Amino acid sequence: MQYPDYRVALHRGIKCLLFGLGLAVLGVTAVLMLRGIFFRQMVTQQTPVYHYTYQPTLRSEMRLKPNHIYAESTLEGDFLCPQTLADTLLLHVSAAFEGEEKALLSMEYTVDSEVVGEMEAGVLWRHSVPLRESQKIENYAQVLSLSETLSVSIAPYEAFARQAIAETGVTPQHIFLRVVLRGTLTADTAYGVLKKPMVIQASMPLLQPTYTMETDVPAAETAQLETVVTQRAPLSKPLLCGCGCVLCIGVGFLVFLQCGTRTYTRNDRLNRRVRLILRQYRHRIVALRDASDLQEFYTRYEVSDMADLIKISREMERPVFYLLPTDHMQNVRDNCFYVQTEAARFLYRIE
């Protein structure tokens with residue numbers, strides 16, 4: 001007993017081509033996957049290694065001349081002070097640095113004051129007075145703090161401004177006193193050296209009916225010292241997943257070609273032509289399971305084309321017969337169609 005073969009029939013050339021393409025795709029995919037695992041590119045990236053916080057502050061006070069107006073001797077914060085009562089400006093400057101571990105910390109700085117006369121076109125005159133020469137504090141610790149109280153008498157700066165106006169004969173549009181702390185914060189850590197500029201300043205107008213203070217202090221900062229690390233790029237999950245899927249599909253495709261297909265044979269070609277005939281002339285074709293009752297004494301005529309057999313069938317008003325196959329390898333027994341009359345059989349055989 002023969003069992004039906006449900007494998008897909010393919011021409012030998014097409015099957016070889018598909019098999020070669022499948023192997024090529026698998027090879028390229030495997031190379032890409034191995035490259036993505038073992039031959040990743042070297043990349044550089046910034047890696048934080050030392051976290052720190054830096055917080056500068058500035059608080060101002062105005063010491064007053066003896067008077068009967070104010071009960072207190074100093075005005076603090078955002079003060080508004082009459083010019084005639086301004087005596088001494090007090091500036092409380094501080095800066096604090098804290099790292100995540102001990103390091104050689106140092107702060108080197110200077111403090112200068114200056115009185116400036118400005119016009120719209122630029123600075124008309126300037127006079128500088130050092131308040132602190134170069135200072136340095138240093139310690140091997142996790143925390144380092146700077147604290148300075150600066151006392152600036154107002155009278156000498158006002159006197160210089162009046163003298164400059166008298167000598168130049170020009171009154172600047174803006175006259176102000178500025179106090180600036182400039183320095184450098186250095187942290188020599190195990191991961192490298194951190195250098196950070198320090199600039200804290202305060203300014204106040206001069207020769208005005210009232211004095212008020214304006215400050216320029218950097219905001220508190222939380223940051224980290226970074227180092228450049230060179231390492232292999234991380235595994236690309238999309239690439240690995242994509243290559244894995246392609247490999248699985250490719251292997252399944254090759255298994256299907258090997259086990260689920262067979263070489264296209266002559267019998268496949270004949271069956272294909274038979275199926276076309278059955279579909280095209282289905283209204284005139286009759287299937288017989290057995291032809292033993294048909295007249296055995298007849299003249300046999302064989303035609304060369306199915307169209308001729310159909311023409312004979314129409315003229316004689318007879319159906320076209322075919323015998324059902326006895327096995328699963330054929331669609332029509334012996335691949336033959338015929339028209340039967342009392343005295344003749346007209347036969348068309350597919351070859």
Side-chain angles (χ1 to χ4, degrees), residues 40-63 74-79 88-114 116 126 128-153 176-204 212-237:
R40 288 169 287 158
Q41 292 182 343
M42 300 300 293
V43 296
T44 58
Q45 61 181 8
Q46 298 284 343
T47 303
V49 291
Y50 183 80
H51 295 80
Y52 66 89
T53 57
Y54 170 67
Q55 184 171 6
T57 59
L58 174 61
R59 184 171 59 86
S60 61
E61 298 180 17
M62 178 61 76
R63 185 178 296 163
T74 59
L75 299 179
E76 299 181 0
D78 298 330
F79 57 79
T88 303
L89 178 63
L90 299 176
L91 297 175
H92 305 280
V93 183
S94 65
F97 176 89
E98 181 176 359
E100 65 177 348
E101 59 183 64
K102 288 185 177 182
L104 182 59
L105 307 178
S106 66
M107 293 183 185
E108 190 169 0
Y109 62 95
T110 60
V111 183
D112 297 299
S113 65
E114 60 181 2
V116 181
R126 183 195 307 268
S128 298
V129 178
L131 296 180
R132 294 285 190 278
E133 297 294 340
S134 180
Q135 304 287 320
K136 184 176 183 180
I137 56 176
E138 187 177 61
N139 191 16
Y140 182 78
Q142 189 174 348
V143 178
L144 185 65
S145 298
L146 175 152
S147 181
E148 284 277 4
T149 299
L150 305 173
S151 179
V152 183
S153 178
F176 57 88
L177 167 65
R178 179 188 292 141
V179 179
V180 183
L181 181 146
R182 294 185 180 89
T184 302
L185 165 67
T186 304
D188 190 356
T189 72
Y191 311 100
V193 178
L194 168 69
K195 287 186 176 292
K196 185 173 185 62
M198 299 167 29
V199 179
I200 304 172
Q201 65 179 9
S203 61
M204 184 180 70
T212 186
M213 180 61 63
E214 295 181 1
T215 60
D216 184 5
V217 181
E221 178 183 0
T222 299
Q224 61 274 335
L225 178 64
E226 296 181 339
T227 186
V228 178
V229 177
T230 302
Q231 59 185 7
R232 291 193 180 277
L235 291 174
S236 175
K237 292 183 179 180

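Everything numeric in this text was worked out from a predicted model, so none of it was measured.
Taking CG of L58 as the start and CD of E148 as the end, the distance is 12.0 Å to the nearest 0.5 Å. Going from atom CD of Q142 over to atom CZ of F97 covers 9.5 Å, rounded to the nearest 0.5 Å. Atom-to-atom distance recorded for E226:CD and T47:OG1 is 8.0 Å, nearest 0.5 angstrom. How far OG1 of T222 is from OH of Y52: 9.0 Å, rounded to the nearest 0.5 Å. Here the straight-line distance linking atom CD of Q135 with atom CG of L146 works out to 9.0 Å at 0.5 Å rounding. Distance CE/M62 to CG/L89: 5.0 Å, rounded to 0.5 Å.
Comment: E61 does not engage R63 in a salt bridge, judged by the lack of any side-chain N to carboxylate O separation of less than 4.0 angstrom.
At a threshold of 4.5 Å between non-hydrogen side-chain atoms, the residues M198 and P56 do not count as touching. Counting only heavy atoms from C-beta outward, the side chains of S128 and R126 approach each other to under 4.5 Å.
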- prompt: Stepwise, does the side chain to side chain contact (heavy atoms under 4.5 Å, CB included) test hold for T186 with E108?
  reply: CA-CA 8 Å; T186 304; E108 190 169 0; over 6 Å; no
- request: Check step by step if side chain to side chain contact (heavy atoms under 4.5 Å, CB included) holds for L144 and M107.
  value: CA-CA 8 Å; L144 185 65; M107 293 183 185; 3.9 Å; yes
- prompt: Between Y54 and K196, does a side chain to side chain contact (heavy atoms under 4.5 Å, CB included) hold up when you go through it step by step?
  reply: CA-CA 10 Å; Y54 170 67; K196 185 173 185 62; 3.5 Å; yes
- request: May I have the step-by-step check of side chain to side chain contact (heavy atoms under 4.5 Å, CB included) for V152 and T88, ending in yes or no?
  value: CA-CA 6 Å; V152 183; T88 303; 5.7 Å; no
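When T57, V179, I200 are each tested for a side-chain contact (heavy atoms from CB on, under 4.5 Å) with V93, only one passes: I200. Across T110, L150, D112, a single residue satisfies side-chain contact (heavy atoms from CB on, under 4.5 Å) together with R132, and that is L150. Under the side-chain contact (heavy atoms from CB on, under 4.5 Å) rule, S60 has a single partner from E76, E214, M213, which is M213.
The shortest heavy-atom contact between A220 and Q55 is CB-CG, 3.9 Å. T212 and F79 make their closest contact through OG1-O, 3.1 Å (heavy atoms, listed as atom of the first residue, atom of the second, distance). The shortest non-hydrogen separation linking L225 to G192 is CD2-O, 3.8 Å. Between M42 and T230, the shortest heavy-atom contact is CE-CG2, 4.0 Å. Closest approach of A187 to L105, counting heavy atoms only: CB-CD2, 3.5 Å.
No donor-acceptor pair closer than 3.5 Å links the side chain of R40 to the backbone N or O of R232. One N or O on the side chain of S113 and one on the backbone of V129 form a donor-acceptor pair closer than 3.5 Å.
Taking the six-membered ring for Trp and thresholds of 30 and 60 degrees, Y50 and Y191 have ring planes inclined between 30 and 60 degrees apart.
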